[in-house]
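A short write-up of the structure that comes next.
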Amino acid sequence: FSWKRIIGWMLNGFVSALAIFFLCKESLKHQLFDSNGKTAGREILGGTMYTCVVWVVNLQMALAISYFTWVQHIVIWGSIAFWYIFLMIYGAMTPSFSSDAYKVFLEALAPAPSYWLTTLFVMIFALIPYFVYKSVQMRFFPKYHQMIQWIRYEGHSNDPEFVEMVRQRSIRPTTVGYTARRAASVRRSARFH
């Protein structure tokens, strides 16, 4: 990985975190959360924010994948399902262990329409910056594998000039990490001894 990519993912995480935090906080700030007139406390805010984090992270992984396999489907959708199972199991534990989270999902979050609507809207708004970045990057600054995908999808495979241009741009020196260079030098030195 390059530093540009690492810093880009860090910036993406920071923007997503800000969007999730402020949108959840503001959407649950002054409203009654249930029919008894209870307002959203930190356990409801925390459960809602963490649910949004789980959804946003998994959907960003889904958006970053070019080709889905059954393993990726199991991991992405299974981790979202596991989050809801975890909320139910952790909330069912005694209050001395689960403290503020005692039955928070089953009794407070799940029955409240505002929880589901907040999760949906926060998820959409937190994904917009990532989706816009990926769209602009793919349309105006495509990577080599994306150009090859365009050749296939847009029917340029019969255009030898375009195919040759992509092939020439994809030929570049490879960079090898420290571990691979070290292993190669050890193998070379073992041959001479």
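Atoms CD1 and CH2, from Ile85 and Trp83 in turn, are 12.5 Å apart once rounded to the nearest 0.5 Å. Distance check: Lys134 NZ to Asn12 CG gives 10.0 Å after rounding to the nearest 0.5 Å. Here the straight-line distance linking atom CG of Leu117 with atom OG1 of Thr48 works out to 11.5 Å at 0.5 Å rounding. Note that CE of Met123 is 11.0 Å distant from CG of Asn58, once rounded to the nearest 0.5 Å. If you take CD1 on Ile20 and OG1 on Thr119, they are separated by 10.0 Å, rounding to the nearest 0.5 Å. To the nearest 0.5 angstrom, Thr51 atom OG1 is 5.5 Å from Leu87 atom CG.
In the hydrophobic clustering of ILVMFWY residues, with side-chain heavy atoms under 4.5 Å counting as a link, Val132 and Leu63 come out together. Connection of Val15 to Ile128 is not established within any shared hydrophobic cluster, with ILVMFWY side chains joined at heavy-atom distances below 4.5 Å, either directly or through further cluster members. Hydrophobic cluster membership differs between Ile74 and Val57, with clusters built from Ile, Leu, Val, Met, Phe, Trp and Tyr side chains linked at under 4.5 angstrom. No continuous path of hydrophobic side-chain contacts links Val56 to Val75 [ILVMFWY only; heavy atoms under 4.5 Å]. Residue Ile80 is not grouped with residue Trp70 when hydrophobic side chains (ILVMFWY) are merged at heavy-atom distances under 4.5 angstrom, including chains of intermediate members.
The minimum heavy-atom distance between Ala126 and Gln60, with the atom names listed, is O-NE2, 4.4 Å.
The one candidate from Tyr133, Trp3, Tyr130, Phe14 that meets the ring pair (Phe, Tyr, Trp, His ring centres under 6.0 Å) condition with Trp9 is Tyr130.
Ring geometry for Trp55 against Trp77 counts as tilted: the plane angle lies between 30° and 60°, on a 0 to 90° scale.
A side-chain donor-acceptor contact under 3.5 Å links Ser27 to the backbone of Cys24.
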